[in-house]
There are 2 protein chains.
Amino acid sequence: MSRTTDFKKEEIIEKAMQVFWEKGYDQTSLKDLIDATGLLKGSLYNTFGSKEKLFLECLEYYGQFSRSRHYKDGDPVLYLKKFFKRLIEEGVDRDFRKGCLIMNSCLEFANQENALAKKAQTLFAATELNLKNVAELACAQQNKNSEKLKTNLITAAFSIREISKFRKDKKFLTQIANRALEDFGVQL
Amino acid sequence: MSRTTDFKKEEIIEKAMQVFWEKGYDQTSLKDLIDATGLLKGSLYNTFGSKEKLFLECLEYYGQFSRSRHYKDGDPVLYLKKFFKRLIEEGVDRDFRKGCLIMNSCLEFANQENALAKKAQTLFAATELNLKNVAELACAQQNKNSEKLKTNLITAAFSIREISKFRKDKKFLTQIANRALEDFGVQL
DNA sequence: AAATTTCTTGACCAATCGGTCAAAATAGAT
DNA sequence: ATCTATTTTGACCGATTGGTCAAGAAATTT
């Protein structure tokens, strides 16, 4: 009865997200999105409505990706070790300066109060909740107060992600992680 | 023998710096700079040559401002307490979402390797050196290894500055500071 | 007061920004 | 094969980007 799209929406979101992740929202132009997705301006607007709405879908997509790496089961302390090990590995990679799209967006929209800022902060809260859950499980094993430990974890994760953008210093980044991990009696 | 400028260069740099500090380099347009300084485009280019060169002068100016708050003498631990107290006070201020221009610039130019990125990282190193010096003095008093403590200090300062942009949570920010200060046997 | 040098001004530049839209192309239902 | 709903396409929009430049204004030296 009518023509169908030549592309899969999710594939477009995935490609657009990569550009937004690398360059940030404002620094990503429509031309960038066109080049990355292979769609033309009209199709892009026909499908997503605006650059802002497309970004929201990309944020949500990244949120799914992020949640897929949240703690599910197993040893919570081991999860934390693997978690920080990965952050550092990505952090020292010279080709990886993108950080975390959620944190990037929280910072980029910090002095705004629009849908983008709100969405970014909601996703940040989810990331935080993940670490909070892990911290509580680990603390239950060790009979400790988890509130400060939770702050330490999210702060360490944030710091490693952001500082590693401009400082590819494994020792430095590992010290940050170890400072949070020592609460749980382990080190990298 | 010739006409003199109607303005003082330093006053222009100060005003331009405020805009760059609030909005970042790329998000600051020439119109913003014109509005903030009161100069017209021609005068701006006649005086500074380009937006980039103007920004470099602003960065240097901020660097002086930053250095003016570095440790000079007195009790190093007391300096640290005041240092973090101020960071948190500014951090919870709803009208203060600018963070630190040096850290902002390190992040903004993280995936570039131009004069701007270089300059920002050089200034970051100076900030770091300040905290390192203080840490060593304080450690000498207390017979401790200062290397990890130095990392903790700069990481805490960075985290408070950045996280406070989008999270005006005094308790949270204080926990970050206290985590670094506990090494020196004090708390906020 | 005149001469000289510099600063100030505003018009102008090409390029790009996010976004719109009418016409052409096309896939599916009949 | 035809009809129809939808997508694709590329031209076009006004606004803004960073930057240039010639002409006019003005301050200082002589």
Side-chain angles (χ1 to χ4, degrees), chain A residues 1-59 105 108-109 111-112 114-117 119-120, chain B residues 1-59 104-105 108-109 112 114-117 119-120:
Chain A
M1 204 171 183
S2 74
R3 185 172 176 179
T4 53
T5 52
D6 292 353
F7 52 86
K8 291 174 185 167
K9 199 178 172 187
E10 187 172 306
E11 285 177 6
I12 300 302
I13 293 175
E14 155 79 33
K15 286 173 182 169
M17 187 205 73
Q18 290 291 345
V19 189
F20 281 130
W21 192 2
E22 268 189 39
K23 311 187 71 165
Y25 177 74
D26 273 301
Q27 284 305 307
T28 298
S29 70
L30 284 187
K31 187 179 179 306
D32 293 326
L33 294 168
I34 287 163
D35 291 346
T37 60
L39 295 193
L40 289 184
K41 223 177 267 198
S43 294
L44 225 43
Y45 275 82
N46 192 29
T47 310
F48 299 102
S50 67
K51 186 188 173 187
E52 183 172 328
K53 286 180 184 168
L54 170 57
F55 184 74
L56 278 172
E57 299 218 40
C58 290
L59 257 187
S105 302
E108 178 167 3
F109 307 118
N111 45 13
Q112 299 172 37
N114 51 23
L116 271 39
K119 181 71 180 174
Chain B
M1 203 167 185
S2 73
R3 184 173 180 179
T4 55
T5 53
D6 292 353
F7 53 86
K8 291 173 188 166
K9 199 178 171 187
E10 185 172 307
E11 285 176 6
I12 301 301
I13 293 174
E14 155 79 35
K15 286 172 182 168
M17 187 206 71
Q18 289 293 342
V19 191
F20 281 131
W21 192 2
E22 268 188 41
K23 312 187 71 165
Y25 176 75
D26 273 302
Q27 284 306 303
T28 299
S29 68
L30 284 187
K31 187 179 180 307
D32 293 328
L33 294 169
I34 286 163
D35 291 346
T37 60
L39 295 193
L40 290 182
K41 221 175 270 198
S43 295
L44 225 43
Y45 274 81
N46 193 28
T47 310
F48 299 101
S50 67
K51 186 187 174 189
E52 183 172 328
K53 286 180 185 170
L54 170 57
F55 184 73
L56 278 173
E57 298 220 39
C58 291
L59 256 187
N104 295 352
S105 303
E108 180 168 1
F109 306 119
Q112 298 171 37
N114 50 24
L116 272 39
K119 181 72 180 172

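Order of the sequence lines sets the chain letters (A, B, ...), proteins ahead of strands, with each chain counted from 1. Just so it is clear, the model here is predicted, and its values are computed rather than measured.
When all heavy atoms of A:Lys15 and A:Ala36 are compared, the pair lying nearest together is CD-O, 3.5 Å. Between A:Phe55 and A:Ser105, the shortest heavy-atom contact is CZ-OG, 3.5 Å. What you find for B:Ser50 and B:Lys53 is that their closest heavy atoms are OG-N, 3.1 Å.
Among residue pairs with one or both ends in residues 17-28 of chain B, those qualifying as side chain to side chain donor-acceptor pair (under 3.5 Å) are B:Glu14-B:Gln18, B:Gln18-B:Lys98, B:Lys23-B:Asp32; sequence neighbours excluded.
As rounded to whole Å, 14 Å separates atom P of D:dT7 from atom CD1 of A:Ile12.
Taking five base pairs at each end of the helix from C:dA1-D:dT30 to C:dT30-D:dA1 and finding the rotation axis that steps the C1' atoms of four pairs onto the next four gives two axes whose angle is 0°, to the nearest 10°.
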Report task. Begin from the C-alpha positions of A:Leu54 and A:Phe20 and carry the test side-chain contact (heavy atoms from CB on, under 4.5 Å) through to its verdict. Result -> CA-CA 10 Å; A:Leu54 170 57; A:Phe20 281 130; 4.1 Å; yes
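In this structure, CZ on B:Phe48 lies 8.0 Å from OG1 on B:Thr37, to the nearest 0.5 angstrom.
Each of A:Asn46, A:Leu44, A:Ile34 was compared with A:Leu39 under the side chain to side chain contact (heavy atoms under 4.5 Å, CB included) criterion, and only A:Leu44 meets it.
With contacts defined as side-chain heavy-atom distances shorter than 4.5 Å, the pair A:Lys31/A:Asp35 qualifies.
Of all the residues in residues 27-57 of chain A, A:Leu40, A:Gly42, A:Ser43, A:Asn46 reach under 4.0 Å from DNA chain D with at least one non-hydrogen atom.
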